[in-house]
Amino acid sequence: MVATNQYVADSATLLEIYKRAALLKANDERARKVILSGQIAMVYYSYRGQEIIPSVMGQLLRDDDTICTIYRGIHDMLGKGFPLRPLWAELAGRVTGSCKGKGGPMHLTYPPKGIMVTTGIVGSSAPIANGLAWAAQLDKSDRVSVCTFGDGASNIGAVHEAMNLASIWKLPTIFVCQNNLFAEHTTFEKMTGGQNIAGRAAGYGMPGVRVNGNDPEEMYSAFAQAVARARAGEGPTLLECMTFRFFGHNFGDDDSYIPKDQKAAAMEADPVPALRARLIADRIASEHELAAIEADIEAQIDDALEFALASPWPEPDDLRFDVFEKEIAA
Amino acid sequence: MVATNQYVADSATLLEIYKRAALLKANDERARKVILSGQIAMVYYSYRGQEIIPSVMGQLLRDDDTICTIYRGIHDMLGKGFPLRPLWAELAGRVTGSCKGKGGPMHLTYPPKGIMVTTGIVGSSAPIANGLAWAAQLDKSDRVSVCTFGDGASNIGAVHEAMNLASIWKLPTIFVCQNNLFAEHTTFEKMTGGQNIAGRAAGYGMPGVRVNGNDPEEMYSAFAQAVARARAGEGPTLLECMTFRFFGHNFGDDDSYIPKDQKAAAMEADPVPALRARLIADRIASEHELAAIEADIEAQIDDALEFALASPWPEPDDLRFDVFEKEIAA
Amino acid sequence: MSAEKAAKPKVSIIAAISKAYQDIFAEDPKVITLGEDLADPEGGGIAKITKGLSTSFGDDRVRSTPISEQAIMGAAIGASLAGYKPIAEIMLMNFTTVAMDMIVNHAAKLRFMSGGQTSVPIVIRTMTGLGYGSGGQHCDYLETWFAHTAGIKVCAASTPEDAYGLLRSAVEDPDPVIFIENLPTYHAPMAFELPDSSHRVPLGKAAIQREGSDVTLIAYARMAVEARAAAVQAAEQGVSVEVIDLRTIAPWDRETVLASARKTGRVLIAHEAVKEHGVGAEIAAVINEELFGALKKPVKRLGGAFSAVPYSKPLETAYAPDAARILAAIIELAK
Amino acid sequence: MSAEKAAKPKVSIIAAISKAYQDIFAEDPKVITLGEDLADPEGGGIAKITKGLSTSFGDDRVRSTPISEQAIMGAAIGASLAGYKPIAEIMLMNFTTVAMDMIVNHAAKLRFMSGGQTSVPIVIRTMTGLGYGSGGQHCDYLETWFAHTAGIKVCAASTPEDAYGLLRSAVEDPDPVIFIENLPTYHAPMAFELPDSSHRVPLGKAAIQREGSDVTLIAYARMAVEARAAAVQAAEQGVSVEVIDLRTIAPWDRETVLASARKTGRVLIAHEAVKEHGVGAEIAAVINEELFGALKKPVKRLGGAFSAVPYSKPLETAYAPDAARILAAIIELAK
Ligand SMILES: Cc1ncc(C[n+]2csc(CCOP(=O)(O)OP(=O)(O)O)c2C)c(N)n1
Ligand SMILES: Cc1ncc(C[n+]2csc(CCOP(=O)(O)OP(=O)(O)O)c2C)c(N)n1
Ligand SMILES: [Mg+2]
Ligand SMILES: [Mg+2]
């Protein structure tokens, strides 16, 4: 499919993708450092290694396009433009967090950038994304609705129901499966009948494409095509984006179940430095320019973290609010 | 697939299939008559038109092979050998019914013939059938586990999860989708992405075959192959058996949503008289022999109905029993 | 509900719900609906409640769905996040079991988990109730599960007027509401008028359907119908029963219930759901706590038997309370 | 649980459950288990409870599964119908929401609906509990849903001995049992011995973990741990508390509870689940009914706040009862 695709990431686009990827990578590194240091205690699902997918998506999506993502979704959200201060304040459980400290890392939400739902339930991003897509149809808007989920999630019923509905209703839903080859400690290979998630789309009468999610150009081309299809009212697409996570299922996970050489090879092929090297080699950006971008990212994260840690905690009484629109009686 | 299939229904087999089909047809006709007459009040889902599928299955299955079926499942159960007296007594809600009157038409059960579960929840036959198949594996038995469900059920999550599990565990589960083109009032066409349920099997790495479920030979050949595959430990098969139901979703359903000509054409091609005519034409059986078989069936149903209606009702106190093995305190 | 009852035209609950649908769709273009068989090509739902709706308001707003309850609920939730007000039908209440994740982990929690940034103003209509011999998987009352879930409201009507007014309020409510309909009392013409389109029944407000002084009888859904009948019979035996139809099961109307209980000192609660851990338990616990020492008799509960719903008629009849059993309990309490 | 407590070796609940698994698998070849990551290639489960089991007893009996909770429960139910005794792990209790149909409509009902012809002797192990900042979808206590469902039993242990003995009894029970494990108290070494393989705790029997005369304190799971701590502190303030760990939540031990309540006349119930419509409501309703007029104070309930479980530490702490809040309630009750 890629060969015949008309959507090509030009140099400027590749640089923009890199900027996002660098932010995502830096933010993940910082998060792990902050946990280790004890500054913030949180459940954390590292996405290191998967940055290219959401960096490309963020590049191609508008603010009014929506996304429903998962516990391992901070990369998706940063790619979509989640601002750093309310993000970090939420991670720190502060009242200045986007969710006032009520949601936390697994339920980050930021509607101004179309970040509508983050779920901790495997597969549940998909059915909800269809509703946002239905709303776009009703609004006669060309906005699209993206959901992300993992390879493991592709075996749960909700995803199947959602794909069928999207197909028959021709919804502008884009199903983005980030296949990092593991679901917790379980391999993709062992649990996936057919060994080909993209191939399941045919069963619902919709296009399904497997792409190298770590290759910015291939990812760009495939995702752009899915977006164009959705915006044109032609219906959903399933993208199976091949990738790898470097650091175990969640922070603290003993990742000895990942074969050492597989992990080493994946880290060796780390897509973020690879894109960086490519930008320099192709003279799209200089080492100096990129270093400045990265330094700026670090400064932004510094600022956000400082903001978060200086922010007040919520009060117990806050439990009475946001259950319903009207507060619960004390 | 059928062309290359080694499993052929010979004349004797066709006659046996007819015997079952005639029983199924007669029993359905009687059931509708009994409801109309007011003798028994019950929820009833006619399967008229779908008789060949379970008649073939019953022909090829052993008593120790199990089946999990659905509300529209009396044909499946009669095909599998459910005796008429406990069947009719259960329909009549009597204590002599197979389920002591507690289950009723939607939950008929008869383990001696491998009839393990009848569910009223669309799709739920499939996950449970896998467990029976797993038990066969553990027992190192070559028995197979069949589940039946409808075209509408193929869009529910449970069926998808079950197919994937059966595939990766190479379970001896046979997924029999009876595609009668309607789910309640909704057409197969409108609700099924891809318009091809059998085609979904490929997504799970297992064989999926669409067959004319009203053609005894085609059905025999396909089902025999699925059984052979399962018995040999080679794993599951999905069969999409094309058929049609003549009498609306349930008894009393206003079936005006079914296009008149579609219904007329289907009834015109009624598979049971068609098989009967074929037996006579091919001199497999004489009109006289078949009439005797049919008369015997009617007599058996008479007997069962009489038995049922003469049987006592359960006592209110029976509610305390069979909730747990030990009775609930009064 | 006054003396001239008999003079009123008779309408059914189902007619009231259909009218509510019509009025809501005509007034609010943001309301949409989805569920199995709901649109006209599929006959307007198994109970024909939405018959005509897709023809009048378009296939975009009225959609039949595949048999995919998780997809149904997900589509409703997602559309509500984008400003729509979906009414999702989960045909029978037992089928909520395949959509519990969407309802409980998502619809009920997204407002809270997002710190109030998003909300899920959906209505889940679902039908249930024994009486048809549909057996163990088609007529459960599962309202306790949802009452126990923070973030979702639950209601059920026992009169056409309330059905109309509650459904309208549920659709206007900014939070998710489960609207439970009782199948066996659906079609029965009742002595009530079809309300006009301004009629609303506020969520959270019970109805005193009959005033009385000896016993407070709390019920909802079909049990409220049975309760009214039992109260009439009790009056003939000289016992004055105050019948309260909760209408909103969660959050329930503590003030009305406690005021009545304080007045009578004798309370009976009846629901069709399994008695153990049913909503009667919560109500009894609260009454006992709030009115400790002020009650004349312990709060009495009637509920479904502790078993699956049985098929056979005598068992089905024995399973749930009815007017006769409610009456017997009233007489016992009033002793 | 006697005076020489301190002398006992310290073991954790998780160690007790692991030992139970080992002993059960060694003794009964019909026991099988399945769930996400359970087998050794996947590390023996997220809590490593089944580590070593698939290596010792084979991949046939110990199976890792895809993330397909309906398929997991279905496979367990089906295998149980054919004479096996599956232990199915639904990793976290919130994930039962995607398998409610299998659990409620099938596991709990097949015996009844088949008129006793079939039965579903399965155990569903599931973990939950707040304390880790996992937020709204990972630590709910949903036991009320199952307690309200006829045909399935529910238990939870607060000591290693009970965890061992209850799990063994659950596996031997002829009916489905949900076995709830509390994550935050999982690893804590407790002053209990690892029981030998003959140890059983009968289902349906509560434990009086501490005798007392002023207040009856009923709890289970983590709340029982908090209750024991609170009782010690109450004793220091001169209040004698009888601590009852229900252990089996459904069916609960009415005799033990009522006897204690009759003795003390003051009852406090604590659970982590949302207070409203929690199992405390049923227990309170029964105590009030059975001991009407015999109580010194109304039955008091403590439970989780009426909201989703919040993420932020101070909110999470405020959400559920703990020893301090239990103590305060005891002192208030004892006044
Ligand atoms: C319904 C449900 N079952 C189980 C879990 C526990 N769980 C959380 S993440 C996870 C693995 C998911 O793997 P995958 O879909 O591949 O996504 P990844 O974590 O690799 O990004 C599991 C089993 C869950 N959150 N929800
Ligand atoms: C989970 C669930 N949703 C909805 C229903 C209501 N329902 C009963 S039968 C049926 C149609 C099923 O159609 P299909 O699977 O094609 O089987 P058929 O009735 O045609 O044999 C529906 C929607 C149900 N029983 N279970
Ligand atoms: Mg993965
Ligand atoms: Mg059908």
Side-chain angles (χ1 to χ4, degrees), chain B residues 66 68 90 95 97-104 106-112 116-121 123-139 143 145 156-166 168-169 171 173 314 318-319 321-326 328-329, chain D residues 29-30 32 34 58-61 63-84 86 88 98-102 104-122 149-153 173-177 203-204 251 254:
Chain B
T66 57
C68 295
E90 188 61 29
V95 76
S98 61
C99 308
K100 304 178 189 161
K102 291 175 176 172
M106 274 204 264
H107 305 298
L108 289 156
T109 311
Y110 198 76
M116 301 307 292
V117 175
T118 301
T119 182
I121 308 294
S124 296
S125 51
I128 300 176
N130 277 341
L132 288 152
W134 181 20
Q137 253 183 5
L138 287 162
D139 288 344
R143 64 180 194 267
S145 169
I156 203 160
V159 169
H160 155 100
E161 294 187 11
M163 289 204 280
N164 185 62
L165 191 77
I168 62 170
W169 287 6
L171 294 175
T173 313
D318 291 355
L319 289 175
F321 296 83
D322 302 319
V323 177
F324 294 120
E325 190 188 60
K326 198 164 162 302
I328 303 288
Chain D
K30 285 293 187 185
I32 56 183
L34 79 169
D59 289 344
D60 268 358
R61 289 178 65 194
R63 293 209 174 171
S64 289
T65 66
I67 309 171
S68 307
E69 279 80 3
Q70 297 193 70
I72 292 170
M73 286 310 313
I77 294 169
S80 81
L81 293 173
Y84 286 88
V98 291
M100 286 300 279
D101 166 56
M102 283 292 139
V104 169
N105 289 329
H106 296 90
K109 294 180 178 175
L110 288 180
R111 180 190 287 277
F112 185 84
M113 297 194 307
S114 72
Q117 294 178 97
T118 61
S119 62
V120 183
I122 64 172
T149 303
I152 188 158
K153 300 176 184 177
D173 197 85
D175 286 298
V177 180
L203 297 188
R254 292 166 63 120

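Every chain is numbered from 1 and lettered A, B, ... according to where its sequence line falls, protein lines coming before strand lines. Below, each value reflects all heavy atoms present in this structure, side chains not excepted, and no hydrogens, waters or symmetry copies.
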So, the side chain of [X] versus the backbone of [Y]: is there a donor-acceptor pair under 3.5 Å, distance only?
{"X": "D:Gln117", "Y": "B:Ser98", "result": "yes"}
{"X": "B:Glu325", "Y": "D:Pro174", "result": "no"}
{"X": "B:Lys102", "Y": "D:Phe112", "result": "no"}
{"X": "B:Asp322", "Y": "D:Ser114", "result": "no"}

Counting heavy-atom pairs closer than 4.5 Å to chain B, which one of [options] comes out on top?
{"options": "D:Thr65, D:Ile67, D:Leu110, D:Ile152", "value": "D:Ile152"}
{"options": "D:Gly83, D:Gly58, D:Ala99, D:Pro66", "value": "D:Pro66"}
{"options": "D:Ile77, D:Val98, D:Asp101", "value": "D:Asp101"}
{"options": "D:Met102, D:Glu69, D:Arg63, D:Lys109", "value": "D:Arg63"}

Legend entry - Selection from B:Ile168, B:Thr109, B:Leu171, B:Ile128 maximising heavy-atom pairs under 4.5 Å formed with chain D: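 The candidate making the most pairs under 4.5 Å is B:Ile128.
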Inset, instruction - Report yes if the side chains of B:Trp169 and D:Leu34 come closer than 4.5 Å at any heavy-atom pair, otherwise no. - result: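 With C-beta onward as the side chain, the pair touches.
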For [X] against [Y], the heavy-atom pair lying closest together:
{"X": "D:Ser68", "Y": "B:Glu161", "answer": "C-OE1, 3.1 Å"}
{"X": "D:Ala82", "Y": "B:Arg143", "answer": "CB-NH2, 4.0 Å"}
{"X": "B:Ser124", "Y": "D:His106", "answer": "CB-CE1, 3.4 Å"}

Inset, instruction - Heavy-atom distances under 4.5 Å only: say whether B:Ala158 touches chain D with side chain, backbone, both or neither. - result: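 Both parts, backbone and side chain.
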Legend entry - Side chain / backbone / both / neither for B:Tyr110 at chain D, heavy atoms under 4.5 Å: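 Both the backbone and the side chain of B:Tyr110 come within 4.5 Å of chain D.
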Inset, instruction - Against chain B, label D:Ser64 side chain, backbone, both or neither, depending on which of its atoms sit under 4.5 Å from a heavy atom there. - result: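 Interface part for D:Ser64: backbone (N, CA, C, O).
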Inset, instruction - Just jot down the salt bridge (Lys or Arg N to Asp or Glu O under 4.0 Å) partners of D:Asp173, sequence neighbours excluded, or say none. - result: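 For D:Asp173 the salt bridge (Lys or Arg N to Asp or Glu O under 4.0 Å) partners, ignoring immediate neighbours, are D:Lys153.
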Inset, instruction - Starting at CD1 of B:Ile121, measure out to CG of D:Asn105 and round the result to the nearest 0.5 Å. - result: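 The CD1 atom of B:Ile121 sits 4.0 Å away from the CG atom of D:Asn105.
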